[in-house]
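First up is the structure itself, then whatever we jot down about it.
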Amino acid sequence: MENTNNTNSIYKTTSPSVPTYNNDTVVTTPYMRKPYKEEIDVLDFREKMGRKLGLATLIYAAFSTLCLYRNVASLSTPFFGIATLIYMIYGLKQYDVKIKKFSWFYATILMALSISDFLTANTTFIFFNNIGIFLMIFVFLLHNVYDDRRWNFSKTALAILESVVSSIGTLDEFRKDMNTVRSRRKTDNTDKEKRKTCEGVFIGLVISVPIIITLLALLSNADVVFSKILNDCLVFDFDFGKVFFVSLTFLFIFLSAYCIMRFFSKKSIKEEVSDHRHMEPVIAITVLSLISVIYLLFSVVQIVYLFLGNGTLPDGYTYSQYAREGFFELLAVSIINFVMVLFINNYFKESRLLKALMTIISLCTYIMIASSFMRIMMYINAALLTHLRIWVLWGLAVLSLLFVAVIISIYKHGFPLFKYSIIVVSILYALLSFARPDYIIAKYNLTYMNTIEKGIADQDYDYLENLSTDAAVVIKDYKDEWADRYFIKFNDNSYLSDNTRWRKFNLSVYNAKVCGEGR
């Protein structure tokens with residue numbers, strides 16, 4: 001007992017930041033922080049990730065850089081889509097994740113969007129295609145790694161957001177994986193000579209890269225013919241600045257891909273879905289009751305005045321003016337109704353009256369969708385097609401299908417609303433993207449220009465003149481000055497000349513070049 005007390009008194013009087021010594025042996029005090037040592041199986045997994053996933057990511061990043069550097073809509077985009085799917089499947093197999101059947105739907109949409117990039121030159125659709133590809137990557141991984149059968153709309157959306165944000169935090173996992181590979185390589189004496197040879201080759205390549213870049217730059221400046229041959233053979237135009245940005249693109253893709261796959265290997269997202277329906281339904285019933293009265297009155301007005309054409313309009317208003325207004329506002333109200341019904345269905349306790357009110361609002365929304373559709377079609381007949389009006393029609397079609405699922409989810413809480421929504425949105429978007437709206441706009445407007453009420457205006461031709469190369473097949477048949485300016489525009493900004501190399505080959509741009517030469 002006496003010795004124990006003396007020992008404790010020594011520990012208490014010793015500074016926790018300084019180790020104590022007894023006969024030249026370090027004695028760790030209770031106040032010192034012991035270094036954390038990972039288990040053997042964890043280190044084995046880190047080595048596996050560092051070696052196998054690291055090598056696969058290196059190859060994937062190099063190929064993706066070849067496909068995507070300053071080039072997001074060409075023949076190389078579908079190859080990037082294929083490489084991405086192969087890389088994800090290989091990465092998932094490294095931590096024993098089986099590919100689920102429904103994930104092939106996500107893979108099909110990813111490939112469809114990448115093919116659409118090759119077929120179109122419309123920058124808006126290229127942007128949304130690439131956003132869709134990015135989302136399909138995360139949905140594909142989430143579906144395979146986690147049991148998402150019971151996930152609702154909000155859970156899946158939050159899981160996607162968490163995956164995107166938290167992947168950045170796995171940069172530290174990359175460091176630890178590489179350190180594990182490096183430390184184990186030092187202690188492993190097998191194939192020592194082979195490793196020395198590989199290290200020698202790697203060092204030689206690293207040393208030779210700047211030397212070769214310098215020599216190629218000098219020789220290409222010294223001889224025009226050699227410079228032309230060099231530029232024709234290389235995938236990228238040779239330039240110090242471009243080499244730097246290519247390297248930066250490669251590094252970004254490498255770290256991003258590795259961190260994303262490493263995040264999913266940790267399975268850190270909780271699979272459980274919490275029931276958030278704790279709010280009293282009286283609040284929602286009060287709000288929806290007032291809204292339902294307004295919507296029912298509005299629906300009666302639409303049926304009497306718009307659909308049946310009866311009733312007395314305000315002074316100074318014609319029926320055509322009345323029918324052509326308000327489609328954007330009605331689309332916005334329909335979207336608000338969709339979000340409102342989802343929120344109430346997920347956060348308020350069940351109530352028969354509440355379900356009835358949500359159903360009334362959903363049915364009234366269908367009347368608003370029909371009203372907006374009728375108005376936009378009348379407006380198109382009077383003012384021709386534009387991109388925005390096509391998007392309105394597409395949005396109305398999407399909402400009409402989504403509200404079918406919303407009504408079902410009101411009465412069946414476990415309905416897979418997110419999966420249904422992503423199927424509807426992705427298929428309808430892919431169809432719209434492959435339809436080439438610029439072609440449709442040019443075909444429709446040039447056919448019906450002479451029949452519109454307000455007559456042909458310069459702005460109608462200005463709009464056609466600024467369409468993408470998707471419309472070239474239609475415009476080539478017109479010999480007017482505005483059509484000449486349409487084709488001259490692409491030649492002036494080297495838009496067509498950049499399409500000669502396979503890496504940047506775009507079918508829409510090629511068709512525009514052929515059409516321009518055939519005029």
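For the atom pair CG of N381 and CD1 of I376, the computed distance is 10.0 Å after rounding to the nearest 0.5 Å. Between L385 atom CG and Y448 atom OH the span is 10.5 Å, to the nearest 0.5 Å. The CG atom of L296 lies 8.0 Å from the CD1 atom of I367; values are rounded to the nearest 0.5 Å. Between I285 atom CD1 and L354 atom CG the span is 5.5 Å, to the nearest 0.5 Å. The OG1 atom of T156 sits 6.5 Å away from the CG atom of D148 when rounded to the nearest 0.5 Å. The CG atom of L68 lies 6.5 Å from the OG1 atom of T77; values are rounded to the nearest 0.5 Å.
S256 contributes no side-chain N or O that, together with a main-chain N or O of I253, makes up a donor-acceptor pair within less than 3.5 Å. A distance-only check finds a donor-acceptor pair linking the side chain of E271 to the backbone of D147 [under 3.5 Å]. Within the 3.5 Å criterion, the main-chain N or O of A483 finds no donor-acceptor partner in the side chain of D480. In terms of modelled atom types and a separation under 3.5 Å, the side chain of T386 and the main chain of R389 share a donor-acceptor contact. A donor-acceptor contact shorter than 3.5 Å links the side chain of S362 to the backbone of M358. Using modelled atom types, one side-chain atom of K489 and one backbone atom of E465 make a donor-acceptor pair closer than 3.5 Å. Looking at S372, its side chain never comes within 3.5 Å of a backbone N or O of I369 through a donor-acceptor pair. Panel note: side chain Y429, backbone N129; a donor-acceptor pair is recorded below 3.5 Å.
Using cut-offs of 30° and 60° on the angle between ring planes, the pair H143 and F102 is perpendicular. Aromatic ring pairs are classed by plane angle as parallel below 30°, tilted from 30° to 60° and perpendicular above 60°; the pair Y60 and Y87 is parallel.
When only modelled atom types and interatomic distance are considered, S508 and T120 share no side-chain donor-acceptor pair under 3.5 Å. Between the side chains of S154 and N346, no donor-acceptor pair of N or O atoms lies under 3.5 Å. Y463 and N445 are not linked by any side-chain donor-acceptor pair at a separation below 3.5 angstrom, with hydrogens and angles left out of the test. No donor-acceptor contact under 3.5 angstrom links the side chains of Y106 and S426, judged on distance only.
Within the 4.5 Å cutoff, no side-chain heavy atoms of V145 are placed close to those of F263. Looking only at side-chain heavy atoms (C-beta outward), M111 and L85 come within less than 4.5 Å of each other. The shortest side-chain heavy-atom distance between I160 and V139 falls under the 4.5 Å cut-off. In this structure, T57 and Y90 have side chains that are not in contact, with every pair of non-hydrogen atoms separated by 4.5 Å or more. In this structure, the side chains of L58 and F250 come closer than 4.5 Å at one or more pairs of heavy atoms. C364 is not listed as a side-chain neighbour of F298, based on a closest heavy-atom distance of 4.5 Å or more. Looking only at side-chain heavy atoms (C-beta outward), Q302 and M368 stay at 4.5 Å or farther from each other. Within the 4.5 Å cutoff, side-chain heavy atoms of F105 are placed close to those of I423.
Contact detail for Y486 and D470: the closest heavy-atom pair is OH-N, 4.4 Å. Across every non-hydrogen atom of I269 and A159, the tightest pair is CD1-O, 3.8 Å. Between C67 and S76 the shortest heavy-atom distance is O-OG, 2.9 Å. Closest approach of M261 to L92, counting heavy atoms only: CE-N, 3.8 Å. Between M136 and I422, the closest heavy-atom pair is CE-CD1, 3.6 Å. Smallest separation of non-hydrogen atoms from C259 and S167: CB-O, 3.3 Å.
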Apply side-chain contact (heavy atoms from CB on, under 4.5 Å) to the pair L464 and W482, showing each step before the final yes or no.
CA-CA 8 Å; L464 293 173; W482 66 270; 3.8 Å; yes
Might you work through the side-chain contact (heavy atoms from CB on, under 4.5 Å) test for Y295 and L288, ending with a clear yes or no?
CA-CA 10 Å; Y295 282 0; L288 293 188; over 6 Å; no
Pair K419, W151 - check side-chain contact (heavy atoms from CB on, under 4.5 Å), show working.
CA-CA 9 Å; K419 184 179 289 186; W151 287 12; over 6 Å; no
From CA spacing to verdict: side-chain contact (heavy atoms from CB on, under 4.5 Å), I335, L399
CA-CA 8 Å; I335 295 172; L399 278 173; 3.9 Å; yes
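With sequence neighbours excluded, the residues that form a ring-ring contact (aromatic ring centres under 6.0 Å, His included) with F138 are F134. With sequence neighbours excluded, no residue satisfies salt bridge (Lys or Arg N to Asp or Glu O under 4.0 Å) with E517.
Taking a 6.0 Å sphere around NZ of K100, one finds it holds more than 12 heavy atoms contributed by other residues, nucleotides or ligands. Residue F373 qualifies as open at atom CZ: its count of foreign heavy atoms under 6.0 Å is 12 or below. For K355, the NZ atom is densely surrounded, since the number of other residues' heavy atoms within 6.0 Å is greater than 12. Other residues, nucleotides and ligands contribute only 12 or fewer heavy atoms inside 6.0 Å of the CZ atom of F252. Atom OH of Y439 has 12 or fewer heavy atoms from other residues, nucleotides or ligands within 6.0 Å. Residue R150 places its CZ atom among 12 or fewer non-hydrogen atoms of other residues, nucleotides or ligands, all under 6.0 Å distant. Counting non-hydrogen atoms of other residues, nucleotides and ligands closer than 6.0 Å to CZ of F127 gives a total of 12 or fewer. When the shell of 6.0 Å around NZ of K101 is examined, it contains 12 or fewer heavy atoms from other residues, nucleotides or ligands.
Ring centroids of F125 and W391 are separated by less than 6.0 Å, placing the two rings close together.
Under the side-chain contact (heavy atoms from CB on, under 4.5 Å) test applied with V341, the options V406, I407, I336 reduce to a single match, V406.
By the 4.0 Å N-to-carboxylate-O rule, D438 lies too far from R436 to be salt-bridged with it.
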